[in-house]
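Heads up: the structure comes next, in structure tokens.
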Amino acid sequence: MSEKYDVIVIGGGLGGLSSAALLAKNGLSVLLLEKRELPGGCATGFIRGRFEFDASLHMLSGTDLERKTGNLIPYLEELGVTKKVGFTKLKNVYQCVFPDFEITLPTGRENIESVLKENFPKDSEDITNFLNRMFATFETINKFRKGDPSLTQEELSQNLLGYLGKTCAEIMYPEVKNPMVRAIISQLWMFLGLPPKKVDYIIFAVAMSHLFHYGGAQPKEKSHGFAAAFVELITEYGGEVRFGCGAKKILTEGDKVTGVLTDDDEEVKSDFIISNANPLTMSLDLIGGDKIPSSYFDKLRSNEVGMSLIGVYMGLEIPYRKLGIKEFEIGLNDHPDFDKAYQKAFTLEEPEHQLITTYNLAYPDFSPPGTSVITLTAPSYADPWYDLPPHKYLETKNRLAEQLITKAEKVAPELREHIEVVEVFTPLTIMRYTGNHGGTYLGFSFSTAGSPPLRLPQEGPLKGLYLAGAWSQPGGAYENCVLSGKAAAELILAKKDEGR
């Protein structure tokens with residue numbers, strides 16, 4: 001006899017965990033199916049030797065820990081996550097390192113503006129104008145999300161709708177003339193997977209304003225502990241989580257979902273399903289393309305798959321301070337032209353841009369006493385890796401890793417001499433682990449076609465089917481995935497209320 005649940009959640013990434021926790025908290029019977037033995041998707045970790053590495057997190061945004069504001073912290077408070085996970089706020093947002101110039105941006109819009117003007121006095125007016133424009137977009141979209149009655153049509157048109165279809169460069173470059181100032185403001189372009197000439201302006205403005213205003217944070221329990229907290233809450237609220245058991249098929253009747261067939265060949269019924277799987281796998285493998293409206297495939301084809309990464313995880317036998325590292329997130333750049341640096345992501349040539357993340361700067365005890373953990377990451381697409389003969393794969397990834405380490409020694413001299421443990425990853429590594437096309441960490445890209453209003457909505461192509469995770473609104477990254485799960489759960493709760 002098949003069981004029946006109010007909601008079945010497919011996939012234990014942050015989107016699926018978030019939706020399952022909120023639904024269970026509101027008294028619905030929830031079953032979450034995860035084919036792996038660990039929760040979190042990309043929000044996970046692994047152990048090599050005596051070191052535990054965080055697989056993907058650089059910093060959480062949306063986290064004003066003191067005032068409990070921002071998009072993320074109030075929701076985590078509501079769920080109860082903050083009772084299980086501690087957070088620490090990062091002092092500075094990031095450091096930019098160029099061949100002949102360095103600058104560190106502190107947290108807070110006023111502080112950032114002051115530092116930029118101090119270093120570039122001739123560009124003071126440009127800096128103020130663009131930051132004003134960027135934060136106006138940020139404030140307007142916050143009002144829009146909250147349904148703020150003070151939001152006027154003029155403000156909506158001027159600060160949001162007027163930028164639809166515009167790239168960051170189209171808005172920033174005419175206003176900010178100095179290429180170095182442009183580069184500093186857009187240093188974390190890799191977080192969004194596209195450089196200024198490609199990335200959607202609204203996405204850029206909201207993400208950077210959020211980070212500049214609130215700063216970044218790190219969960220004390222690392223990514224795995226963050227994901228595990230959701231699992232604990234789901235079960236505490238009466239939900240059920242099954243690891244090592246995914247969904248083999250989504251069952252349908254006409255144009256609506258009716259349940260799932262698990263990997264254990266168990267038929268489980270439900271009128272509501274949330275899919276944390278990528279939409280291509282969901283549509284073609286879990287449901288079947290013949291059951292999906294052609295218009296939905298048109299929508300999928302209108303979006304491009306996001307960028308991937310190559311990187312190096314390193315466990316060092318000495319404290320990071322002895323290497324001269326002073327900041328948690330460092331952007332190391334050959335030059336300030338990120339649009340040019342982006343082109344190297346389509347090749348297997350030496351990257352011109354990378355991030356250096358030193359986790360012990362967030363928590364001194366992130367690794368064993370007297371040691372430190374550092375990750376190097378650079379942009380890369382999967383296409384050139386697909387064309388690489390298998391016997392050249394190891395040689396190529398190690399060559400690129402060597403190049404990243406050599407460049408990192410400009411900031412951390414003698415880094416190579418103190419590596420105790422090293423692990424290298426490529427787009428193929430991410431693809432193998434996540435199942436994401438192209439090894440993307442962002443779902444669909446944040447191009448102008450991937451602007452929040454144009455991304456896949458939480459409502460799926462069949463009745464009762466909803467999406468959560470990087471591929472749907474609002475997009476990739478930890479904060480967005482958690483909030484997408486919240487949005488999907490709220491839609492089902494609203495439907496349930498209508499039924500009552």
- line: Between Leu105 and the options Ile185, Leu116, Asn92, the side-chain contact (heavy atoms from CB on, under 4.5 Å) test singles out Leu116
- request: Flag the pair Glu37 and Arg242 as a salt bridge only when some basic side-chain nitrogen lies within less than 4.0 angstrom of an acidic carboxylate oxygen.
  value: no
message: Nearest 0.5 angstrom please: Leu483 CG to Glu490 CD, how far?
response: 9.5 Å
- prompt: Should the ring pair His213 and Phe138 be called parallel, tilted or perpendicular, given that the plane angle runs from 0 to 90° and is split at 30 and 60?
  reply: tilted
message: Students often mix this up, so state it plainly: with edges at 30° and 60°, are the rings of His353 and Trp189 parallel, tilted or perpendicular?
response: tilted
- prompt: So does Lys344 pair up with Glu350, basic N to acidic O under 4.0 Å?
  reply: no
Euclidean distance, Asp264 CG relative to Lys248 NZ, rounded to 0.5 Å: 8.5 Å
- prompt: Within the distance-only criterion (no hydrogens, no angle test), does the side chain of Arg455 pair as donor or acceptor with the backbone N or O of Gly450 below 3.5 angstrom?
  reply: yes
query: Gln218 side chain to His58 main-chain N or O, any donor-acceptor pair under 3.5 Å?
result: yes
- request: State whether Glu402 and Lys407 are salt-bridged, where the test is any N-O pair (Lys NZ or Arg NE/NH1/NH2 against Asp/Glu carboxylate O) under 4.0 Å.
  value: no
- prompt: Donor-acceptor pair, Gln458 side chain versus Ala488 backbone, under 3.5 Å?
  reply: no
message: Using a 6.0 Å distance limit plus a 45 degree cone around the ring axis, check whether Arg432 lies over the aromatic ring of Phe425.
response: no
- request: Determine, step by step, whether Lys84 and Glu236 satisfy the salt bridge (Lys or Arg N to Asp or Glu O under 4.0 Å) criterion, reporting the C-alpha distance in whole Å, the side-chain angles of both residues, the deciding distance to 0.1 Å, and the verdict.
  value: CA-CA 12 Å; Lys84 297 180 177 293; Glu236 287 173 13; 2.7 Å; yes
- prompt: Is there a donor-acceptor pair closer than 3.5 Å between any side-chain N or O of Asn278 and the backbone N or O of Asn436?
  reply: no
- line: When rounded to the nearest 0.5 Å, the distance separating CG of Leu355 from CG of Leu332 is 9.0 Å
task: Would you check if Ile405 and Leu376 make a side-chain contact, meaning some heavy-atom pair closer than 4.5 Å?
output: yes
message: Keeping Ser308 on the side-chain end and Gly439 on the backbone end, is there a donor-acceptor pair under 3.5 Å?
response: yes
- request: Without swapping roles, check the side chain of Lys222 against the backbone of Phe366 for a donor-acceptor pair under 3.5 Å.
  value: yes
message: With a 3.5 Å distance limit and no angle check, can you tell me whether Asn276 reaches the backbone of Gly13 through a side-chain donor-acceptor pair?
response: yes
field: Shortest non-hydrogen contact between Val115 and Pro106, atoms and distance
entry: CG2-CD, 3.8 Å
- prompt: Just by distance, with hydrogens left out, do Tyr75 and Ser18 show a side-chain donor and acceptor under 3.5 Å apart?
  reply: yes
message: Could you check whether Glu395 pairs with Arg399 (Lys NZ or Arg NE/NH1/NH2 to Asp/Glu carboxylate O, under 4.0 Å)?
response: no
statement: Taking every heavy atom of Pro319 against every heavy atom of Ser372, the minimum-distance pair comes out as C-OG, 3.8 Å
task: Determine, stepwise, if the pair Thr371 / Glu317 fulfils side chain to side chain donor-acceptor pair (under 3.5 Å).
output: CA-CA 5 Å; Thr371 70; Glu317 63 183 9; over 6 Å; no
task: Might you point out which heavy atoms bring Ala378 and Leu404 nearest each other, and give the distance in Å?
output: CB-CD2, 3.9 Å
Main-chain N/O of Met307 paired with Thr440 side-chain donor or acceptor, under 3.5 Å: yes
- prompt: Does one side chain, of Ser484 or Trp471, offer a donor that lies under 3.5 Å from an acceptor on the other?
  reply: no
query: Looking only at heavy atoms, what is the nearest atom pair of Leu57 and Pro219, with distance?
result: CD2-CD, 3.4 Å
message: Can you tell me how the ring of Tyr313 sits relative to the ring of Phe53, calling it parallel under 30°, perpendicular over 60° and tilted otherwise?
response: tilted
message: Between Glu327 and Lys91, does any NZ, NE, NH1 or NH2 come within less than 4.0 Å of an OD or OE carboxylate oxygen?
response: no
query: Using a distance-only test with no angle check, is there a side-chain donor-acceptor pair under 3.5 angstrom linking Arg416 and Thr406?
result: yes
- prompt: Is the backbone N or O of Leu22 less than 3.5 Å from a side-chain atom of Asn26, with the two atoms forming a donor-acceptor pair by type?
  reply: yes
